[in-house]
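Working notes for the structure below.
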2 protein chains.
Amino acid sequence: MATKAGVSTATASRALNGKSTVDPILAARVLSAAAELGYQPNGPARNLRRQETAVLALIISDVENPFFTSIARGVEDVAQAVGYSVVLCNADENPDKERRYIDVAIQERVAGVVLSPTGTATNVDALTTRGTPLVAVDRHLPDASADMVLVDTKQAAKEATAHLISQGYDQVGCITGPIGIPTADDRLAGYKDATRAAKRRYSAKFVRRTAYRADGARDATIDLLTQDERPDALLVANSTMAIGVLEALSELDLRLGEDVGVVAFDDAPWAPLVNPPLSVVSQPAYDIGKVAAELLMARIADSTRTFTTTTLRANLITRGSSTRKR
Amino acid sequence: MATKAGVSTATASRALNGKSTVDPILAARVLSAAAELGYQPNGPARNLRRQETAVLALIISDVENPFFTSIARGVEDVAQAVGYSVVLCNADENPDKERRYIDVAIQERVAGVVLSPTGTATNVDALTTRGTPLVAVDRHLPDASADMVLVDTKQAAKEATAHLISQGYDQVGCITGPIGIPTADDRLAGYKDATRAAKRRYSAKFVRRTAYRADGARDATIDLLTQDERPDALLVANSTMAIGVLEALSELDLRLGEDVGVVAFDDAPWAPLVNPPLSVVSQPAYDIGKVAAELLMARIADSTRTFTTTTLRANLITRGSSTRKR
DNA sequence: CTGAAAGCGCTAACAT
DNA sequence: ATGTTAGCGCTTTCAG
């Protein structure tokens, strides 16, 4: 291609990269030759030479969860704006896959990674020892040598629970994720706080922990609601689980809102459509992604920044599922 | 690292890649040295040298649509099984972004790409001229020098429409995607076929075309149902649109199933939860991804294969939203 | 402003 | 079986 334009590879490279130190005439010749040949730079070669890439890895714990895909959009929008590409990797709530994708990210020498950790088993040492810029989202990292973007999910759980109690439900229960996943633990803690603050009885009988999946939540709900002493309201830790909870209610012939009040985390697009509409704790997913990407870009530019933790607020949206008609 | 193990880089390389021609003792020494130093191979260098990568690009037109994320899982599962990584790129129904990601895929010299084209503007010449293995999913490519995995969506639309008619709805309408997107066109065509086959009147008055988004579908539905002559049933082209349609129905105080029968494409997880449950055309999304990845792997192994088109069947699932109670 | 040449980290001939 | 060496395609000194 350089030969076609009659210049050296060095000049061609400079022209292609828009360096100002090139004769405009030569530059034009290079550009047209490149276009004509459908030239596409060899990324691996460039990255090898430059020792850096303009791609970000975004490793999320579940592609099928709208909460995480909204984060993805936030990350993408800011990355695109500054000329970075982002590749999504789906860890699928599976520490092994997560591990593998972290390795891939390192091996491909990505410029930085945004990670929503699958849980306690997450090990980011490989990233930190190499100094790969990292931002954790949604779930905090235990050892914490990274920027983090979180949501005040414990507080939100507390408010949601208090709301249910104030609506006249006598015994609120809680369906949350596995032990060790910070969001699952925090939401339970908030639930517990609110229960005690309202002088209601807290008992493990009213909580169920299961994988962040619809089927698990369905079984847990059936189990919870078929015991002798059963709750008449439920705090549900995410929208995937909410699907299972609603299925269970329908199977048990229990009326949503009336027989069992429900508030679920995450304002899924379908939440207003069920009958009655589902009350939710809306998390600022897009903003989480946006802030995370900004933090990452800042750290790529300056690796000596101190680590920050940004905590965003969630927002309780009350709809029909958490009110009893009188 | 090679020096630490006291061997040449060549031997180290061989050991790391599990070549059999290495003294087991040396190999062990290399491996332990690598582990100790936290050695991670340099991907760009390896890829440059090998002139190939073990990563697949999956460019989908909308990460927030469960249909596409299911495809993603299908692709991932088979890729992982044979040691490939897959990076997801979100074209966001935007031809420019799609274009950019195709360029990225080429520049990074990925082993192959699975693409769900955003529409007619899609140009895969860059891929085909370079001989990058490509499989198109969901929407066929006009010029067709690629394997394709499609769904017989026209036939499915026809069956769904016929079902609505057989349930006693007098005038079925159709909400579909933009002109030029094959799935949108095909679903309309199937609707038209069924309407005519049943000797019902077909009129453009009963169809609305809009972006594959909830808000567009909502507006279109309100528009459609507030005109003088209004349909009493709707075929909806995907689940994102279905959300908008259900919103509109609720705003207009029209009862789902009773006042307006609805069948929508894609069996979203929430479809059974609305009241009455939503009848859907279930597409085998996971299998689409699975077959696409298999095809891609086959083509990577043998680039001389002839191009094939696989058409999978969709499945009508009737629930309450398409039946009138008597 | 341009060209020649070195070298990024790795793997595959080739030689031993 | 192991080491030596060349070279993948690019960018970037360093000379001119």
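Residue numbering restarts at 1 for every chain, and letters A, B, ... go by the order of the sequence lines.
Heavy-atom contacts of chain B under 4.0 Å fall on DNA chain C between two terminal nucleotides, which in 5' to 3' order are dG9(C) to dA13(C).
Contact between the side-chain N/O atoms of Q51(B) and the OP1/OP2 oxygens of dG9(D) is found at a separation under 4.0 Å.
Within the 3.5 Å criterion, the main-chain N or O of V63(B) finds a donor-acceptor partner in the side chain of N90(B).
In terms of the side chain to side chain donor-acceptor pair (under 3.5 Å) criterion, residue partners of S70(A) (sequence neighbours excluded) are, by chain and number, E64(B). E52(B) pairs by the salt bridge (Lys or Arg N to Asp or Glu O under 4.0 Å) definition with nothing, not counting sequence neighbours. Residues satisfying the side chain to side chain donor-acceptor pair (under 3.5 Å) criterion with Y84(A), sequence neighbours excluded, are absent altogether. Residues satisfying the side chain to side chain donor-acceptor pair (under 3.5 Å) criterion with S303(B), sequence neighbours excluded, are absent altogether. In this structure K4(A) satisfies the salt bridge (Lys or Arg N to Asp or Glu O under 4.0 Å) test together with E36(A), sequence neighbours excluded. Every residue meeting the side chain to side chain contact (heavy atoms under 4.5 Å, CB included) condition with T9(B), not counting sequence neighbours, appears here in chain and number order: A2(B).
Residue order along DNA chain D, read from the 5' end via each residue's closest nucleotide, puts V22(B) first among R109(B) and V22(B). Of the two residues contacting DNA chain C, namely A45(B) and V7(A), the nearest-nucleotide position lying further toward the 5' end is that of V7(A).
The overall bend of the helix from dC1(C)-dG16(D) to dT16(C)-dA1(D), read as the angle between its terminal helix axes built from five base pairs each, is 40° when rounded to 10 degrees.
Residue pairs meeting the salt bridge (Lys or Arg N to Asp or Glu O under 4.0 Å) criterion with at least one partner in residues 287-303 of chain B, sequence neighbours excluded, are D147(B)-R299(B), K290(B)-E294(B). Here salt bridge (Lys or Arg N to Asp or Glu O under 4.0 Å) pairs that include residues 89-100 of chain B, with residues two or more places apart or in two chains, are R73(A)-D92(B), D77(A)-K97(B), D92(B)-K97(B), E93(B)-R139(B).
Applying a 4.0 Å cut-off to non-hydrogen atoms, the residues of residues 24-42 of chain B that approach DNA chain C are Y39(B), P41(B), N42(B), listed by residue number.
Using a 4.5 Å heavy-atom cutoff, the side chains of P117(B) and L141(B) are in contact. Within the 4.5 Å cutoff, the side chain of V75(B) has no heavy atoms near those of the L296(B) side chain. At a threshold of 4.5 Å between non-hydrogen side-chain atoms, the residues N94(A) and T118(A) do not count as touching.
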Please enumerate all protein N or O atoms sitting under 3.5 Å from an N or O of nucleotides 12-14 of chain D, with distances to 0.1 Å.
{"residue": "dT12(D)", "atom": "O4'", "partner": "R49(A)", "partner atom": "NH2", "Å": "3.4"}

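N17(B) comes within contact range of the sugar-phosphate backbone alone, with a heavy-atom separation under 4.0 Å but no base atom that close.
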S61(B) vs Y212(B), test: side chain to side chain donor-acceptor pair (under 3.5 Å). Steps then yes/no. CA-CA 10 Å; S61(B) 32; Y212(B) 270 138; over 6 Å; no
